[in-house]
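Scroll down for the structure; my scribbles are underneath it.
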2 protein chains.
Amino acid sequence: MRRSNLALVLRHLRDAGPRSRARIAVETGLNRGTVSSLTAELIDRGLVREGDVERGGSVGRPGQTVELDGRGIGGIGVEINVDYVTAVVLNLSNAVVFEHRVALDVQALPAEAVLDAVTELAIRALAECDERQVTPVGMTLAVPALVDTDDGVVAFAPNLHWTKVDAVSGLRRRLDGHTPGFWGSLPRRHSAIQVDNDANLAALGEFAMGSRAGTADLVYLTGETGVGGGVMVDGRLLRGAAGFSGEIGHMPLNPGGDLCGCGRRGCWETMVGLAALLRMAATPDDPVCDPSLDLEQRLSMLSGRADAGEPRTLDALKLVGEALGLGASILVNVFNPRVLVLGGYFASLGDYLLEPMLAELHARVIAPDACEVALSTLGFTAAARGGAHVALEAVLDDPTLVALRHTP
Amino acid sequence: MRRSNLALVLRHLRDAGPRSRARIAVETGLNRGTVSSLTAELIDRGLVREGDVERGGSVGRPGQTVELDGRGIGGIGVEINVDYVTAVVLNLSNAVVFEHRVALDVQALPAEAVLDAVTELAIRALAECDERQVTPVGMTLAVPALVDTDDGVVAFAPNLHWTKVDAVSGLRRRLDGHTPGFWGSLPRRHSAIQVDNDANLAALGEFAMGSRAGTADLVYLTGETGVGGGVMVDGRLLRGAAGFSGEIGHMPLNPGGDLCGCGRRGCWETMVGLAALLRMAATPDDPVCDPSLDLEQRLSMLSGRADAGEPRTLDALKLVGEALGLGASILVNVFNPRVLVLGGYFASLGDYLLEPMLAELHARVIAPDACEVALSTLGFTAAARGGAHVALEAVLDDPTLVALRHTP
DNA sequence: CTAATTTGTCCGTTAGCCGGACAAATTAAG
DNA sequence: CTTAATTTGTCCGGCTAACGGACAAATTAG
């Protein structure tokens, strides 16, 4: 009961911003005395601090505001992708404490070697936490894969060539062996290290700190090699019975269409995946198809051509935009989200994709006042940020995880 | 706190069946004394009764079991469909107290006249409650429409020709005027009368009392004139931001396909709706297409032909089954449900649809151990039952809604 | 028949929220 | 400038309800 009320006040402070105790009491329905007691405890745990005094508001004694003090708590998110590994540390206020990216040819390396690299990155993140006096409360790994979140096992990651990799145990073991001082600062809770699907975490990242943060019903689409999706339903992440939800890349939208990597024809991915865009926008011997280029180089080339008005590129983007709207209409009809966020390359090239996409979407969505479409502002870091956010959620759910400073 | 623990025990008793107080205490984590006190209160509210004594279990004093006593509480569900109105009363144990169906050409009547008919049916249901000493706790209207559940307004029901019909107010007003004795027995809570989408409620009905009752992640598909869908996510109904989720009939799966009633081409509905089946299985002058027939008559004719091995009918069912699997694969990949329940005519003709559907589904679903497919056993009453269940949920959420018998 | 075990109830203890009282700090009015 | 009014934050008593332990009752094993 106490726990749940502490969480209530802490969340309210995060969502609604700094305010006086009396106001919190009115807004949460708790008693003023109770709020005083709760905030005192939160202050003692270092999660909240007193801020300015509300002056000149109206008649009466001015209120002493209290506000979230996220500086002392950090959540770590690490994303493993095809050609890089990224780590982000966010504090409770969602401010970036640490961010680092390492290029890594994950497909070419055994999973163990990748976990070694992840460990190295995690240790750097933990060192930064230590230096900045940030207490790490958890770490989440984002992987482009079907993940068993309960066991912390990556079941199947086609793009990484991983099958049944026990990522959580592997990471825990490495951190245990390596400099126990750092690991000692991560709590021993079972859930202190987690793994999850990257698109799911990216959706959470958008929900936590994207341009439309806090939108309870949100669909996130990301365009990379394939197409990924993550869905927030009523403020909670949709996971499905086995945690395998959001597999939207293989919706069969074009019966006689192109062959997909999955062996079938006409999957959405064959219409809006990066490969489809390249195929339509360029011949195979075009420089943009050079296999030594990475994603961002390709995108800047395409973007440059589109800006220059190159017709083939513009045509390709229009077709991809229409196909994007076609598939998105299904998701919008099924989920009725408030907003659809486009990430990955859909965001990078959004200026050109948005118009044809919206036309198709509006033509096909049943519900009036169809949902808005927004471009992600988190770039390629959404998943790592979502991972960090998941770790922080544990504290917002149960503030007593953070130790008291003074003995009571 | 008390309320939430009363609800906890009551739900546990419903979900897990009769058992001793000591066992409830162990299973819920509550203290034995607390459970004694809670069950005493639930018994006093007439929601629970003492049952058999557990004999011969093991050493020790045998336990006095307590069990859900749903007989005194009733939830009312009323379904408005194109050609009939159905009312169902369920008690807390999900047993049918009352069930009645009235044929009604809803499209031909003004909404006010339909609400009159609904009121008449509701009054009969309330009378039956009165006679059987069942206390009604709420009523839910199921409508094939986009519904604003907060305001109780039917926003748009194409098949009924309804737009912006304030169904809850209309029904409340009629019941207020009519025999206040009956209405008096319905609580005055704002939420005592609700409206919701029929497919959503049917999904809830399957979740509450279908063959796979209690499956937290469940997708329900119903084939009637169109195709409807309702989704349970983690034990809760998916509603979407505006309550317009589950619009799956118009997924564009066949770009150059047939013209749909919505004005577009190749919607799923044009491949698996009843009209599609009839078109493929019979010529327009075939007796089965006679407009004076109702749904069930048509289905029994088709079913008879299939049983007799009529080739055109079998071919049509195979094609529909495949198209069903095609669209269902999208839903399964997106939601990763534990089970997919087929209702409406999909259930009636399930024997012939299932095989081609499963073949298509298994070929297209990404996740291993793809979800099961079950045929609904609730027939065409799933939505009304789901509505009754919604009304009953209020009591399971807050048992104190039911008055105490003895003064404490 | 006795010991062991399990159940259900009773009772004292404790956690924690609520309501009211009160001092402090401010604005509005005279 | 003074006084009244208002609002805030804290403190204290009261109350609800869960918990833990004790105990009688009812049963099985030996």
Side-chain angles (χ1 to χ4, degrees), chain A residues 1-13 16-45 48-67 398-400 404 406-408, chain B residues 1-13 16-45 48-67 398-400 404 406-408:
Chain A
M1 171 121 227
R2 182 74 173 178
R3 261 214 302 273
S4 117
N5 281 339
L6 284 168
L8 178 67
V9 170
L10 189 60
R11 252 177 216 286
H12 186 70
L13 234 29
R19 58 204 52 227
S20 72
R21 294 168 173 85
R23 205 167 148 202
I24 295 172
V26 171
E27 288 163 350
T28 60
L30 294 167
N31 185 281
R32 283 213 311 284
T34 307
V35 172
S36 266
S37 151
L38 291 167
T39 50
E41 181 172 339
L42 290 171
I43 288 171
D44 195 27
R45 291 186 190 277
V48 160
R49 62 167 176 260
E50 294 201 322
D52 297 333
V53 175
E54 278 177 333
R55 303 195 77 93
S58 71
V59 63
R61 172 177 164 180
Q64 167 68 264
T65 64
V66 286
E67 61 189 32
D398 181 4
T400 63
L404 287 164
H406 316 299
T407 48
Chain B
M1 169 123 228
R2 182 76 174 178
R3 261 214 302 273
S4 120
N5 281 339
L6 284 168
L8 179 66
V9 171
L10 190 61
R11 253 177 215 285
H12 187 69
L13 235 30
R19 58 204 50 228
S20 71
R21 294 170 173 85
R23 207 169 146 198
I24 296 172
V26 171
E27 288 163 351
T28 60
L30 294 167
N31 185 280
R32 283 214 310 282
T34 306
V35 172
S36 267
S37 152
L38 291 168
T39 50
E41 182 172 338
L42 290 171
I43 288 171
D44 195 29
R45 291 186 190 277
V48 160
R49 64 167 175 260
E50 295 200 322
D52 299 332
V53 175
E54 278 178 333
R55 304 196 77 92
S58 69
V59 64
R61 172 177 164 181
Q64 168 67 261
T65 65
V66 287
E67 60 190 32
D398 182 5
T400 63
L404 285 164
H406 316 299
T407 47

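To find a chain, count down the sequence lines: A is the first, B the second, and so on, and within it residues start at 1.
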Reading 5' to 3' through nucleotides 10-21 of chain C, protein heavy-atom contacts under 4.0 Å coded B for base, S for sugar-phosphate only, - for none | ------SSBB-B

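- Atom P of nucleotide dG8(C) and atom CZ of Arg23(B) are separated by 12 Å, given to the nearest angstrom.
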Could you check Ile24(B) against Val66(B) for side chain to side chain contact (heavy atoms under 4.5 Å, CB included), going step by step and ending with a plain yes or no?
-> CA-CA 10 Å; Ile24(B) 296 172; Val66(B) 287; 3.7 Å; yes

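- Within 4.0 Å of Ser36(B), counting heavy atoms only, lies at least one base atom of the nucleic acid.
- Atom CZ in Arg19(B) sits roughly 13 Å away from atom P in dG8(C) (whole-Å rounding).
- In the interface, the side chain of Arg61(A) is paired with the base of dT8(D) through a donor and an acceptor atom under 3.5 Å apart.
- Taking for each of Ser20(B) and Gly60(A) the nucleotide of DNA chain C with the nearest heavy atom, the 5'-most of the two is the partner of Ser20(B).
- One interatomic measurement links the two molecules: CD of Gln64(A) to C1' of dT7(D), which rounds to 14 Å at whole-angstrom precision.
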Is there a side chain to side chain contact (heavy atoms under 4.5 Å, CB included) between Arg23(A) and Thr65(A) once you walk through the steps?
-> CA-CA 9 Å; Arg23(A) 205 167 148 202; Thr65(A) 64; over 6 Å; no

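- For the pairing with Glu27(B), the salt bridge (charged side-chain N to carboxylate O under 4.0 Å, His left out) check across Arg11(B), Arg21(B), Arg19(B) returns one residue only, Arg19(B).
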Carefully, step by step, assess Glu50(A) and Thr39(A) under the rule side chain to side chain contact (heavy atoms under 4.5 Å, CB included).
-> CA-CA 9 Å; Glu50(A) 294 201 322; Thr39(A) 50; over 6 Å; no

Output, in order, the C-alpha distance, side-chain angles, deciding distance and verdict of side chain to side chain contact (heavy atoms under 4.5 Å, CB included) for Leu30(B) and Leu38(B).
-> CA-CA 10 Å; Leu30(B) 294 167; Leu38(B) 291 168; 3.9 Å; yes

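- Of the candidates dT6(C), dA26(D), dA25(C), the closest approach to any side-chain atom of Val59(B) belongs to dT6(C).
- For the residue pair Ser37(A) and Arg2(A), a side-chain donor N or O sits within less than 3.5 Å of a side-chain acceptor on the partner.
- Taking atom CD of residue Glu50(B) and atom C1' of nucleotide dT7(C), one finds them 12 Å apart after rounding to whole Å.
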